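Model, not experiment: these values are computed from the prediction. Numbers restart at 1 for each chain; the letters A, B, ... are given by sequence-line order, proteins then strands.
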Amino acid sequence: MPATQYDTGFTDAQSVNNIKRDNFIYRDVNLYFTRNPVTSDVSMVTDVQDIKRAVRNLVLLNPGEKPFHPEIGVGLRGALFENFSPPLMALIESRIKDQCTKYEPRVEVTGVYFNDPDYLNMDNNTLHCKIEFNVRNASDKTEELDIFLKRIR
Amino acid sequence: MAAGINTKGKMSITELGFDDIKANLQTYLKGQSDFTDYDFEASGMNILLDTLAYNTHYNAFLANMMANEMFLDTAQKRNSVTSHAKALGYTPTSVKAPIAYVKVQVNDATTPNITMPQGFAFSTTIDGVTYQFVNITE
């Protein structure tokens, strides 16, 4: 029987593309808690996928959610029901760049894009955010992180 | 931690601060064979450790607060102190409003009876400070 699919309210594009030039492999626990088919243990995310998850966690974290560190977090999830306006997008963009510079030194954000030039997502209560960044020490390829925020119910 | 004690597989539980609890959890998990190869500074692992450490910190704070409030010497909350005092046969009082009994003289009355309604305001000045009084009944 297939596992129950829960609507998490966001999706992101992630691929397992390990860096060829770096001999250090980042490893993290997979917060989706999927099963490793071989070991039956919780699967791990590694390298670029790990970095993308870290950026995603930072971007979706609301300020004040991390215990005793209210300064950490972009608060993109908290912006879901804000007014859909260019100033808000500019604010989110600057916060993403600031927070990644401070708290995710492995990446260098090169661009934050909201793929909604005509505000067509406004009535769907949806926000599509694409973050482009280079991984430091392996900047031969630009990585992309798509975060698609929508209401759950 | 005292030197010479075998701490393998044991977790230090004496610290109560959030960061210390988190560091202890990290040290403990690093020593477990089930978590070999994990990076304990990584984002996802940090979220889990934050949750565990916060829960422990919360319970420690609750236990500390409860222990303090259970004794008259260390209780901080007024409710707890009065409750302990009550058990010793002493009922503390709180701030009370002053009561004044006044004799009212009405000049140039046009009716034989005059009623002052509830809430009728009086004011007086004592040593330059103005005090307001109201009728509590009709």
Side-chain angles (χ1 to χ4, degrees), chain A residues 8 12 14 18 22-36 38-74 77 99-100 102-107 131 133 135 145 147, chain B residues 1 7-70 74-77 80:
Chain A
T8 56
D12 56 1
Q14 295 177 35
N18 291 343
D22 203 343
N23 57 5
F24 184 83
I25 302 290
Y26 298 109
R27 275 179 219 280
D28 194 7
V29 66
N30 186 351
L31 283 186
Y32 289 125
F33 293 107
T34 51
R35 189 170 67 96
N36 184 320
V38 178
T39 61
S40 292
D41 206 347
V42 177
S43 63
M44 282 199 281
V45 290
T46 56
D47 223 18
V48 173
Q49 193 184 21
D50 170 290
I51 294 170
K52 283 182 176 180
R53 288 284 174 92
V55 173
R56 198 203 69 176
N57 289 340
L58 184 63
V59 169
L60 290 177
L61 188 74
N62 286 327
E65 276 184 356
K66 190 173 173 66
F68 303 99
H69 286 285
E71 74 281 8
I72 299 178
V74 172
R77 201 199 300 266
Q99 292 280 315
C100 286
K102 274 185 193 166
Y103 302 114
E104 192 47 74
R106 292 178 293 181
V107 304
I131 303 169
F133 59 87
V135 178
L145 175 66
I147 298 177
Chain B
M1 201 166 289
T7 57
K8 187 173 171 55
K10 294 175 183 173
M11 188 163 70
S12 173
I13 55 169
T14 49
E15 284 85 1
L16 294 176
F18 176 80
D19 291 330
D20 297 327
I21 292 168
K22 193 174 166 185
N24 285 338
L25 278 168
Q26 273 183 341
T27 310
Y28 173 73
L29 291 175
K30 274 178 189 171
Q32 303 297 304
S33 58
D34 294 336
F35 294 97
T36 317
D37 290 347
Y38 277 98
D39 178 5
F40 286 87
E41 303 297 327
S43 175
M45 195 57 109
N46 239 304
I47 290 174
L48 295 180
L49 285 171
D50 272 345
T51 311
L52 289 170
Y54 187 72
N55 187 47
T56 308
H57 180 259
Y58 194 101
N59 281 318
F61 180 81
L62 179 69
N64 182 50
M65 196 79 185
M66 277 178 63
N68 279 342
E69 297 302 316
M70 281 172 71
T74 50
Q76 297 284 317
K77 293 174 69 183
S80 308

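- When the shell of 6.0 Å around NZ of A:K102 is examined, it contains 12 or fewer heavy atoms from other residues, nucleotides or ligands.
- The aromatic rings of A:F68 and B:F18 are tilted relative to each other, their planes meeting at an angle between 30° and 60°.
- Other residues, nucleotides and ligands contribute only 12 or fewer heavy atoms inside 6.0 Å of the CD1 atom of B:I13.
- Under a cut-off of 6.0 angstrom, the local environment of CD in B:Q76 is sparse, with at most 12 non-hydrogen atoms contributed by other residues, nucleotides or ligands.
- The number of heavy-atom neighbours closer than 6.0 Å to OH of A:Y103, taken from other residues, nucleotides and ligands shown, is above 12.
- Of the listed residues A:N30, A:D28, A:N57, the one with more heavy-atom pairs under 4.5 angstrom with chain B than any other is A:D28.
- Residue B:S43 holds its OG atom at 7.0 Å from CD of A:E104, rounded to the nearest 0.5 Å.
- Between the CD atom of A:E65 and the CG atom of B:D50 there is a distance of 11.0 Å, given to the nearest 0.5 Å.
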